[in-house]
Amino acid sequence: MTDATPWWRSAVIYQVYIRSFADGNGDGVGDIAGLRARLGHLADLGVDAIWINPWYPSPLHDAGYDVSDYRAIEPRFGTLDEAGALIAEAHGRGLRVILDIVPNHTSNEHPWFREALAGEHRERYVFRDSGDSPPNDWQAMFGGGAWTRLPDGTWYLHLFDVTQPDLNWDDADVRADFAETLRFWFDRGVDGFRIDVANSLVKEEGLPDVGERQHHDPGPHPHWDRDEVHEIYREWRGIADTYDPPRVFVAEAWVPEADRFARYLRPDELHTAFNFDFLKAAWTAPALRRSIERTLREHAAVGAPPTWVLSNHDVARHVSRLARDPDDGIGTSLDSMLGVPADLELGTRRARAAALLIFALPGGAYVYQGDELGLPEVEDLPEDVLDDPTWRRSGHTQRGRDGCRVPIPWSGSAAPFGFGPEGSTPWLPQPTWFARYTAEREAADPGSMLSLYRRALRLRRQLPALGDGDLTWLDVPEGALGFARTPGFALLLNLDAAPFALPAHAEVVLRSGPLSDGLLAEDTAVWLSL
Ligand code: TEU
């Protein structure tokens, strides 16, 4: 990596799920005041940027992914002035700021949808008159049909919750309004946007049935990954490029086919995208190697830097996923893991090794808040506190994503663990075992996950081999992974091989766990200076 390399090609970006990060005013919900007070933690951690989940006015039916005003701040989170102060303070600490834009749908409380309900400007959404049955067979992501009927007999489309009506991207008002929103925040110093469900937006003309086709099937789909969506991103890229320095985008796009996924990353479209293929890969040497190779190939084809993601606010925390046997066929959701035996010590050991892996791979990486504490999933939240629309829309059969959204433990030995002022009640209850995972306690423990993350990120800045670039696979025992990067760096990771010796003349600069008699044992990774 050279000094001329744009920052986003190597960035480690920290995801702030704002309602659960830090609560400044004591109402139980995280906010901008809390985030400003904790910026020091992020600077000390050594990340390059933060991505803040939606903080706009919202009834919070889907945690802010139901936006009612794209150019303001939800009062529970703060004010526009506080947002400006946060951006300035983050920049002052060398942290860039990325916001989250939600273009597929608005909240049903957005003024446009209210107008539409009153019969005005329905062309901004997807309305159809189809009599007593819905216009087609589309299903909502959170369960149930994707159409809801209004009292006047018309139907509106919502690919997510009923409170999230889909916008009509064929409409000129919609396009112009999002361009204005981008400029609004870029003018306020925001460095980029994460684009929510970037592979949606455009729907096939005539809205044909999906039929037997599943979400992740290859081939054309009536509402996922339509070719026309790329025009929108070319326009957005044009806007981002008029700024100095140019603003950047990261796509959230669960697109299964490598070549289709890479199209979002062409030089005149989006800069980066979350690598969900890697997030879903099982903890085995062949599965990880396959995913890494595929990732490097697909990104090289369009000249984009890969990203590496272990967790986010939509999946079960990876300590708990890795605590399960990779042969048990679990998915990424908590619901797919319930009832499968877990060994959290094992999951933690693997999570430590996984962190060294992602920070050594070419490109950028994401840290979801709490990853750096090694926080496990909260698997047993009481049903009456569950808030994810998945829980409601699945008729209370899927618990959904709240288990990875529990407010962060900062300090102390009892709730609210420094999340909010003493005596405040976090919006989701924190289990007593959070006491073992507070940032305060881990900062004082050289053997903690936090200490490992800090060391890794400090080294990552010092070692010229890391960040953007390439790798060369090394010859290692079956059941292990090894690669070298120039100049003078190697990573070795033992997944399930017998303990093996490190190469001669290599100095261990960082390791995720102890070596046993100088050998690299299972579920351990080392960084070597060659
Ligand atoms: O997620 C998009 C999406 O497709 C998710 O439904 C994802 O497939 C699922 O959560 C995996 O478990 C984005 C946001 O990240 C999510 O939080 C929102 O609920 C959703 O969009 C709607 O805006």
Side-chain angles (χ1 to χ4, degrees), residues 8-9 100-105 136-141 146 157 159-160 166-167 169-170 175 178 192-238 240 248-282 287-309 312 314-315 331-332 361-364 366:
W8 48 268
R9 296 192 65 94
D100 204 324
I101 195 163
V102 188
N104 182 66
H105 43 262
N136 63 29
D137 66 353
W138 296 2
Q139 295 298 302
M141 289 294 288
L157 176 68
L159 289 180
F160 290 86
D166 276 53
L167 286 163
W169 274 87
D170 291 331
R175 292 189 183 228
F178 274 87
F193 275 101
R194 172 224 188 234
I195 304 170
D196 188 58
V197 238
N199 54 323
S200 187
L201 280 59
V202 178
K203 279 84 187 176
E204 185 174 349
E205 211 180 309
L207 309 178
D209 280 351
V210 167
E212 297 300 301
R213 192 177 291 284
Q214 299 293 313
H215 178 181
H216 292 303
D217 281 352
H221 186 287
H223 64 72
W224 293 122
D225 190 34
R226 308 284 311 159
D227 284 344
E228 303 82 353
V229 79
H230 295 282
E231 274 164 42
I232 299 169
Y233 299 134
R234 281 190 202 104
E235 186 199 333
W236 287 17
R237 178 65 178 252
V248 304
F249 295 108
V250 50
E252 190 228 15
W254 297 76
V255 176
E257 291 158 284
D259 58 324
R260 301 284 311 180
F261 174 79
R263 290 156 60 99
Y264 291 81
L265 300 175
R266 289 177 289 196
D268 59 346
E269 294 192 41
L270 307 176
H271 302 73
T272 59
F274 297 112
N275 184 356
F276 293 127
D277 184 73
F278 176 77
L279 184 151
K280 289 190 289 188
L288 288 176
R289 175 147 178 177
R290 204 178 315 117
S291 179
I292 293 167
E293 282 179 336
R294 168 193 148 137
T295 300
L296 296 177
R297 208 170 37 240
E298 73 190 348
H299 286 76
V302 285
T307 67
W308 308 96
V309 187
N312 64 33
D314 288 332
V315 301
T332 55
L361 283 166
Y366 282 83

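Contact check on Arg297 versus Asp259 returns no salt bridge, with no Lys/Arg side-chain nitrogen under 4.0 Å from an Asp/Glu carboxylate oxygen. At a threshold of 4.0 Å, the pair Arg263-Asp225 does not count as salt-bridged, since none of the basic side-chain nitrogens sits closer than that to a carboxylate oxygen.
With sequence neighbours excluded, no residue satisfies salt bridge (charged side-chain N to carboxylate O under 4.0 Å, His left out) with Glu235. By the side chain to side chain contact (heavy atoms under 4.5 Å, CB included) test, Pro208 is found to be paired with Glu204, Pro222, residues two or more places apart in sequence or in another chain being considered.
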Q: Report the C-alpha separation of Ile101 and Trp236 in whole Å, then their side-chain angles, then the decisive distance to 0.1 Å, and conclude whether the side-chain contact (heavy atoms from CB on, under 4.5 Å) test is met.
A: CA-CA 12 Å; Ile101 195 163; Trp236 287 17; 4.0 Å; yes
Q: Start with the C-alpha gap between Asp166 and His223, add the side-chain angles, then the distance that decides, and say whether side-chain contact (heavy atoms from CB on, under 4.5 Å) holds.
A: CA-CA 11 Å; Asp166 276 53; His223 64 72; over 6 Å; no
Q: Decide side-chain contact (heavy atoms from CB on, under 4.5 Å) for Ile232 and Val202; before the verdict, give the C-alpha distance in whole Å, the side-chain angles of both, and the deciding distance to 0.1 Å.
A: CA-CA 9 Å; Ile232 299 169; Val202 178; 4.0 Å; yes
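When all heavy atoms are compared, the tightest approach of Asp100 to Arg194 is OD1-NH1, 2.9 Å. The shortest non-hydrogen separation linking Pro305 to Thr272 is CG-CG2, 3.9 Å. Across every non-hydrogen atom of Val210 and Asp137, the tightest pair is N-OD1, 2.7 Å. Considering every non-hydrogen atom in both Tyr366 and Val309, the closest pair reads CD1-CG2, 4.1 Å. Contact detail for Arg9 and Ala304: the closest heavy-atom pair is NH2-C, 4.1 Å. In this structure, Leu296 and Pro306 approach most closely via the heavy-atom pair CD2-CG, 3.9 Å.
Looking only at distances, a side-chain donor or acceptor of Asn104 sits under 3.5 Å from a matching main-chain atom of Leu201. Within the 3.5 Å criterion, the main-chain N or O of Arg234 finds no donor-acceptor partner in the side chain of Glu269. Within the 3.5 Å criterion, the main-chain N or O of Ala287 finds no donor-acceptor partner in the side chain of Ser291. Of the possible polar contacts, one joining the Trp308 side chain to the Pro362 backbone as a donor-acceptor pair under 3.5 Å is found. Of the possible donor and acceptor atoms, one in the side chain of Thr307 sits under 3.5 Å from a partner among the backbone N and O of Asn275. Of the possible polar contacts, one joining the Asn136 side chain to the Leu207 backbone as a donor-acceptor pair under 3.5 Å is found. Panel note: side chain Arg175, backbone Trp169; a donor-acceptor pair is recorded below 3.5 Å.
Taking the six-membered ring for Trp and thresholds of 30 and 60 degrees, Phe249 and Phe193 have nearly parallel ring planes, at less than 30 degrees apart. Relative ring orientation between Tyr264 and Tyr233 is described as tilted, the plane-to-plane angle lying within the 30° to 60° band. Using cut-offs of 30° and 60° for the angle between ring planes, the Phe261 and His299 rings count as perpendicular.
Residues Leu167 and His105 form no side-chain contact, since every pair of their non-hydrogen atoms from C-beta on lies 4.5 Å or further apart.
Rounded to the nearest 0.5 angstrom, Leu279 CG and Phe274 CZ are separated by 10.5 Å. The distance from the NZ atom of Lys203 to the CH2 atom of Trp224 is 8.0 Å, given to the nearest 0.5 Å. For the atom pair CD (Glu205) and CG (Asp170), the distance works out to 7.5 Å, reported to the nearest 0.5 Å. In this structure, Glu252 CD and Leu270 CG are separated by 12.5 Å, a value rounded to the nearest 0.5 Å.
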